[in-house]
Every structure is written in C-alpha cells, then in structure tokens.
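Contents: one structure, followed by commentary.
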Number of protein chains: 2
Amino acid sequence: MLSQTMVALKSSRQQADRVAPPSVFDSLGSTIEMMGTTMSFARNSEIYFESEPADYLYKVVSGVVRTCKVLADGRRQIGSFYLPGNIFGFEGNEHTFSAEAVVDCKVLLIKRSTLFVSRDPSIASQLWGMAATELQRAQAHLVLLMKGAQQRVVDFLMEMSTRSSSSSANVVDLSMSRQDIADYLGMTIETVSRMLSQLENCGVIAMPSARRIVLRSLGTLHRLSA
Amino acid sequence: MLSQTMVALKSSRQQADRVAPPSVFDSLGSTIEMMGTTMSFARNSEIYFESEPADYLYKVVSGVVRTCKVLADGRRQIGSFYLPGNIFGFEGNEHTFSAEAVVDCKVLLIKRSTLFVSRDPSIASQLWGMAATELQRAQAHLVLLMKGAQQRVVDFLMEMSTRSSSSSANVVDLSMSRQDIADYLGMTIETVSRMLSQLENCGVIAMPSARRIVLRSLGTLHRLSA
DNA sequence: CGGCGCCTTGAACCAAGTCAAGCTCTGTGG
DNA sequence: CCACAGAGCTTGACTTGGTTCAAGGCGCCG
C-alpha cells in the first residue's frame, strides 16, 4: 500500500513575471477588478505548500494546476485539477493542500486583503459563490470515491471533457500523468491503465496516444458512470 | 455492491415550533443577529432534499443531523454529521445532498436573503469563513476515504471525540447507527463492526454498549490513524 | 543507437465486500 | 413481570475487485 508517487518537485519557486494591468477577475461572469500579479511556474514546481497561510487567491491563466497532499504513508491525494479560468486557493486561513503546476503555468495572484477593503457587497457574494462551487466540487469528488474503478475513470473523463473548453468536443487532451489521475481517483496507475484499455477494447473510447482520449460514445459513457 | 441502506424515511416534515427571539447566530464567535425560526424534526425525518433550492442556512440546536445522497445503485453516501452548534446548508444555489435528522432534533433556520440585505461586511466575512470551514471538512473527508478500513474507523472516532464537547473526554456517545457510520466512511457495516471489535480486542477502545465507545489510549489511536 | 520516463500487461495476492447465521438489546403486549 | 418480536449489531466462511510485484513495450531526446 506504500508510496508510488514520490515526485521530486523542482524546488525553484518562480519569480514574479509582470504586473497585470487593472484586470477583470471574471470567473462566474463577475467583475472584481483589481491589481493582480501574474507569475510563471515550471512543470512540477510548487505554487504554495500545504500549511502556508492562505493570503492569496489564484486564477489559472494558462496551464493546469493540481492541489495535493502527501499522506503519512507516502501516498499522495490530489484534491482537484484547475484549468485556465479556474480559481483556487479557497481553504480557510491556512492551506490544507499544496498547489503544484502540472505543466508550465501562468497564474494570476490576488491578495485576499484587497478583496475585503472594498465595501462592494457584490464581491462578497461572488466570493461566497466561488467557495460554494469549490465545496460542490469536493462533494462530487467524495461521491466519486465511493464508486468502482471503471466508474471513477469514466467520471474523470467526463469531467475533463466537460470542463476543458476543448475545440473539438469528444476529444480530451490530458495534461496530467497516469500517476496524477490515479492519485486523484484514489487508485493505482495500473488500475487506471487497465480501465482505459478496457474502455478502448469495448470501443467507447479511443487512445491515439496515451494522453489523448477520444470519447466515441458519450451515451455509453454516461450510462457506465451511473 | 448493491443497496444495504434503504432507510424508510418518515415522510412527515415537521412544523415550525416557535419563533425565536432576535437571537445570536454565534458560531465562530460571530454576532450575526437575526430572526430565526426553530423547527423540530423527528428521528430519520427529512430536513431538506438534495436538489431543493437552498434558501436557508441551518444551525443545529439539539440532536444530530446528517447530509446524504442516494447513489444510482442504491448505496448511500453521507457527506457529514452536524452536532449542536454546527451550521449546515452551505451548498450553492441548490442542495447537492439531502439533510436528515439522525435523532430527534431542533434546528434553527435562517433565510439566506436576510443575510445579504445587511451591508455589514463582517457578516460576509463570517459566511466566507463558514464556507471555508465546510470546505476543509470535505477535504478532510476526501483524505479519509483514501485510507484503509481501520484508519477510517479510528479517524471517525477521533473526529467525533474532538467535535462532541463531551463532558467526560475519552468517551464518545454515538447517536448514529453502524449503517450511518459505514455510509460516512464508504464501507460496509460488517467492516465497521469488525474494525471496532478489533480495536476493542487490542485494548485501545472499550465498548460498554454498541453506541458508547471509550477511547482507552488516545496515543495509540493517534498513531493508528497515521 | 541507447538510455530513461512513462505507460501497459500479466499473474499472484489480499483487504474489503458479500452472504448467511446468530446474538443482544429494547420495547411491547399478554 | 415476563415472553416475544424485531431492529440493530457481531461474527464466520467465502468471493472478488483492486493492489502489488514483475516484465515488457513505446516514445522521446541526447
């Protein structure tokens, strides 16, 4: 049951890149305006660590971010993946998970304190809404972990398909490794691999390459995830 | 893998009991004052259903509440338990889980709209804090579900011990059934039972009765939950 | 071409689930 | 007050889905 993950993180935290113009932090169609700083992070570098004080919110500009935690026995749990446009870093006063760049990323940082000085009540309710979205994500993840291996993989594919505003629907380009997927779904890379092969054999997906998945029958997939 | 749970819910939604005086909604040491309504719910009755619009927040006055969801295959997932003083009902605009009374309960209802009319910025930040707490709870639950059966049960006992402001520390009085515990921990009642017996045989807990657990060695328990 | 990540596949193993009794409370009616 | 019924809990024997261990394949870059 022990460690498979043991990712050697690049220790180099990246430096600030440029100061963004007064920009629109526009998730959820909102209009929180503020000064933000964009930073770049190299693949597998750490954005923040799990227990650092949470003074910022983060918005993915490009790339993909994962939040994760290394358990006592060396295994790793991934809390969530964040795609361009997504906002992360919502945990209370102290981060409960670390955040890392899955691939090279640009991330917009917003100091939390700047959000509360403004008296604009719409900001408060937007924050509320984002936290609620995050909570729903976590709850969906809980439900996912109760299912069997095949269902988990199918759910994952469907989630990624839905969330990535991909050009051609039905094609999912995964930027994360099998190990990342396994740690997100709470299983081993071998099982992830087997389930994918199995789905391919059944003809419901195709894998032109390991990281590119074609969803050939959304109907069947949806039924499988029941 | 099919249904074990099939709880027959009492359909009788309870009526409003009395109107509370302008009361202090004082979780997190806050001072959100408002008119609230206290309602009583009988054991196993439904407080709200998963997909109803979420117009209220709820505070447990007495008793214990569970939030849960019935999966497609009939199994049930419990999102969380709420003890007296805890506040629940934070999901976005629509509840993702149902809420039910584990035992006879009194619950204080607060209409959300009343929270937003006031311009008091402290209310907003308190709401933010509560949502963050709820998120942390969910994340802790995620981590829990990655562990082995014994660890899950130990974690559950520790959580309950910590959260219940019990008179005598080290004694946990469970108001929920084995089935509730199993559905919270993502396993079967048999496994829960086996793990508890095992812990008792090792001498780290005692069970004067099925629902009353004495933690005989917090140190050992803490080590086991590693 | 060779080395190295990363992914896949196979076979053996094991933790938890399933199925099936049996036990222990608790409340109820005689 | 006792006997009985039923729900809830425990325990044992067997099955199984997923992990573990161990090769082997594929693709990429030097």
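Each chain gets a letter, A, B and so on, in the order its sequence line appears, and its residues count up from 1.
A donor atom on one side chain and an acceptor atom on the other are not found under 3.5 Å apart for A:Asp155 and A:Gln151.
Atom-to-atom, NZ of A:Lys147 to P of D:dG18 comes out at 14 Å; the value is rounded to the nearest Å. Put simply, CG on B:Asp73 is 14 Å from P on D:dG17, counting in whole angstrom units. If you measure from atom CD of B:Gln150 to atom P of C:dC14, you get 18 Å, rounded to the nearest angstrom. Distance, A:Leu174 CG to C:dC6 P: 15 Å, rounded to whole Å. A:Met187 places its CE atom 17 Å from the C1' atom of C:dA15, with the value rounded to the nearest Å. One interatomic measurement links the two molecules: CG of A:Asp183 to P of D:dG18, which rounds to 17 Å at whole-angstrom precision. Separating the CE atom of B:Met146 from the C1' atom of C:dA16 is a distance of 16 Å, rounded to the nearest angstrom. Atom CG in A:Leu199 sits roughly 16 Å away from atom C1' in C:dC7 (whole-Å rounding).
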Under 3.5 Å, which N/O atoms of the protein pair with N/O atoms of nucleotides 9-11 of chain D?
{"residue": "D:dC9", "atom": "OP1", "partner": "B:Arg211", "partner atom": "NE", "Å": "2.8"}
{"residue": "D:dC9", "atom": "OP1", "partner": "B:Arg211", "partner atom": "NH2", "Å": "3.2"}
{"residue": "D:dC9", "atom": "OP2", "partner": "B:Arg178", "partner atom": "N", "Å": "3.2"}
{"residue": "D:dT10", "atom": "OP1", "partner": "B:Arg178", "partner atom": "NH2", "Å": "3.2"}
{"residue": "D:dT10", "atom": "OP2", "partner": "B:Arg178", "partner atom": "NE", "Å": "2.7"}
{"residue": "D:dT10", "atom": "OP2", "partner": "B:Arg178", "partner atom": "NH2", "Å": "3.4"}
{"residue": "D:dT10", "atom": "OP2", "partner": "B:Ser193", "partner atom": "OG", "Å": "2.8"}
{"residue": "D:dT10", "atom": "O5'", "partner": "B:Ser193", "partner atom": "OG", "Å": "2.9"}
{"residue": "D:dT11", "atom": "OP2", "partner": "B:Ser197", "partner atom": "OG", "Å": "2.3"}

Contact list (N/O, under 3.5 angstrom) for nucleotides 28-30 of chain D vs protein:
none

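The only option from B:Val214, B:Ile213, B:Val153 that meets the side-chain contact (heavy atoms from CB on, under 4.5 Å) definition with B:Ile205 turns out to be B:Ile213.
For the pair A:Leu199/A:Gln150, a side-chain contact is recorded, criterion being any heavy-atom separation below 4.5 Å from C-beta on. The shortest distance between side-chain heavy atoms of A:Val192 and A:Arg152 does not fall below 4.5 Å. Contact check for A:Ser177 versus A:Asp180: side-chain heavy atoms found under the 4.5 Å cut-off.
For B:Arg137, the CZ atom is densely surrounded, since the number of other residues' heavy atoms within 6.0 Å is greater than 12. Heavy atoms of other residues, nucleotides or ligands lying less than 6.0 angstrom from OH of A:Tyr56 number 12 at most.
For D:dG18, neither phosphate oxygen OP1 nor OP2 lies less than 4.0 angstrom from any side-chain nitrogen or oxygen of A:Thr188.
A donor-acceptor pair is defined here as one N or O able to donate and one able to accept, closer than 3.5 Å; no such pair exists between the side chain of A:Arg212 and the backbone of A:Val171.
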Could you pull out all donor-acceptor pairs under 3.5 Å where a side-chain atom in residues 87-94 of chain B meets a protein atom, sequence neighbours excluded?
{"residue": "B:Glu91", "atom": "OE1", "partner": "B:His95", "partner atom": "ND1", "Å": "3.2"}

